[in-house]
Protein chains: 2
Amino acid sequence: MAKMEKLETADSSTEEKIKEAAAKVFTQKGFAATRTRDIAEEAGINLALLNYYFRSKEKLFDLVMMESLQKFLLGVRDILNDVNSSLTEKISQLASHYIELLKVNTDLPLFILSEIRANPGRLEANMGAKEILLQSNFYKQLEATTKKKVDPVHFLMNIFGLTVFPFVASPLLRIIGEKSKTEFDALMDERKKMIPIWVDAMLKSI
Amino acid sequence: MAKMEKLETADSSTEEKIKEAAAKVFTQKGFAATRTRDIAEEAGINLALLNYYFRSKEKLFDLVMMESLQKFLLGVRDILNDVNSSLTEKISQLASHYIELLKVNTDLPLFILSEIRANPGRLEANMGAKEILLQSNFYKQLEATTKKKVDPVHFLMNIFGLTVFPFVASPLLRIIGEKSKTEFDALMDERKKMIPIWVDAMLKSI
DNA sequence: ATTTGATTTAATCAAATGATTAAAAACTAA
DNA sequence: TTAGTTTTTAATCATTTGATTAAATCAAAT
């Protein structure tokens, strides 16, 4: 007998509720500190349902991590490979894209980085990211601009350092700078304009 | 009866062995993923000894975290408050200091940041760091240089982003850049010279 | 040598936790 | 309705894990 589809939005299905709760709790507390009971409670479901739908804590985590990586990487391919934009324009677009993304998902990068450190094996499975980045038009423009003088990887570090690091360090920075979430976000908005200018200045300085 | 001191170096005492093992394991895996048995094994001691000397996993962790924070903050006070050095010189010294520190303790910042996120309460107890930083001669020079144009916190973010972020992201960067640990460290050494030049260029650009 | 206090060990406990099971409930197709 | 299927629940298991205990060992002082 064929299974019947229920008339539910993806958001309200039990499976989706669990996945969203898992994403929230895993991202906040990390794999090891997360109890499957935390996820069940957050999702408002019976604990056994988690295993009914996802088999195990680890499988559910792998799913969440995969989607987190995609959230972080997807949506920049277009920017990286636009043949009609200059390097500076790409940097501007990348900065804006990541700042908008991370204002809403502040602890996404810290989650990804700390879980990869805790379990480096998980990364290798997933990544075509290296190829996407290193064979992109963006990277070629970067190589052409820096040519021979310095490793273009330096400027990858710089761009991501300027853009992503404030979010990674936000728990500390907000205290040190005495900023509310709103003020912090406003600072990040300012950076959308400044980062491309700064990177330009850095590129010219070498 | 007065307790007799044993003839031991601090390094070989059981207590010190446990603390070093704890620092290693906690830093690598984080609080939640660390088993007290892991620490005992790493230290080569019986599990009960850990509780004999440190009462609990949490007390031992707090100790390790406090020393980690000190390791990260101590040794820059002199740099920050040197009235005879220019802003650029301070940036150069800070970059060199942190790059040397983090070449040896690569996952120190990721450890600190992810544990603070997991348990933000832990931070407040410890910090005079904010005052040390914001009242330093360094910060005053930064304010004077950027005056009104942009929040000097932007440049704190920039300096730490350029210096510390590569280490935070090193698990990813080493894969993307296809670098060995040695090559990665060499890149970081290059940055000691470049970061002050870059920050200068950024300061002039605003 | 004996005593005394500090250190270390093996064994064990109680709670937490990931997972399973069997039964109940809800739902669908006939 | 009824039979069959999927979804959900309550109860329970087995293991892991932080911590404790009581006994053994060790080092120094008398």
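Letters A, B, ... are given to chains in the order of the sequence lines, protein chains preceding strands, and every chain is numbered from 1. Quick caveat: nothing in here was measured; it's all calculated off a predicted structure. Heavy-atom basis, side chains included; hydrogens, waters and symmetry copies ignored.
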To the nearest angstrom, the CZ-P distance between B:Phe61 and D:dT17 comes to 18 Å
note: A:Glu58, atom CD; C:dG18, atom C1'; distance rounded to Å ~ 11 Å
Q: Determine whether A:His97 and A:Thr163 make a side-chain contact, defined as any pair of heavy atoms from C-beta on separated by less than 4.5 Å.
A: no
note: A:Glu41, atom CD; C:dA16, atom P; distance rounded to Å ~ 14 Å
Whole-Å distance, A:Tyr52 OH to C:dA26 C1', equals 12 Å
Using Watson-Crick geometry (N1-N3 plus N6-O4 or O6-N4) or G-U wobble (N1-O2, O6-N3), each under 3.5 Å, D:dA29 is paired with C:dT2
Rounded to whole Å, the CZ-C1' distance (B:Arg55 to D:dT21) equals 13 Å
Any heavy-atom pair between the side chains of B:Ser68 and B:Glu115 that's under 4.5 Å? no
B:Tyr53 side chain near C:dT8 phosphate (N/O to OP1/OP2, under 4.0 Å) | yes
- Task: Flag the pair A:Glu100 and A:Lys103 as a salt bridge only when some basic side-chain nitrogen lies within less than 4.0 angstrom of an acidic carboxylate oxygen.
- Result: yes
In Watson-Crick or G-U wobble terms, with both distances under 3.5 Å, the base opposite C:dT20 is D:dA11
B:Asn51 atom CG is separated from D:dT17 atom P, nearest whole Å, by 15 Å
Name the orientation class of the two ring planes belonging to B:Tyr98 and B:Phe72 (parallel below 30°, tilted from 30 to 60°, perpendicular beyond 60°).
tilted
### Message
Please determine whether a side-chain nitrogen or oxygen atom of B:Thr14 lies at a distance below 4.0 Å from atom OP1 or OP2 of C:dT8.
### Response
yes
A:Leu50 CG to C:dG18 P, in whole Å, measures 9 Å
*Counting just side-chain N and O atoms, does B:Thr36 come under 4.0 Å of either OP1 or OP2 of D:dG18?*
yes
Exercise. May I ask you to test the B:Thr106-B:Lys181 pair for a side-chain heavy-atom distance under 4.5 Å?
Key: yes
* Relative to A:Phe26, does A:Lys57 satisfy both conditions: NZ or CZ under 6.0 angstrom from the six-membered ring centre, and within 45 degrees of the ring's axis? -> no
Whole-Å distance, A:Phe54 CZ to C:dT20 P, equals 15 Å
With sugar-phosphate taken as primed atoms, P, OP1 and OP2 and all else as base, the protein-contact string of nucleotides 9-16 of chain D at under 4.0 Å (heavy atoms; B, S, -) is BB------
* **salt_bridge(B:Lys59, B:Asp62) N-O dist < 4.0 Å** => no
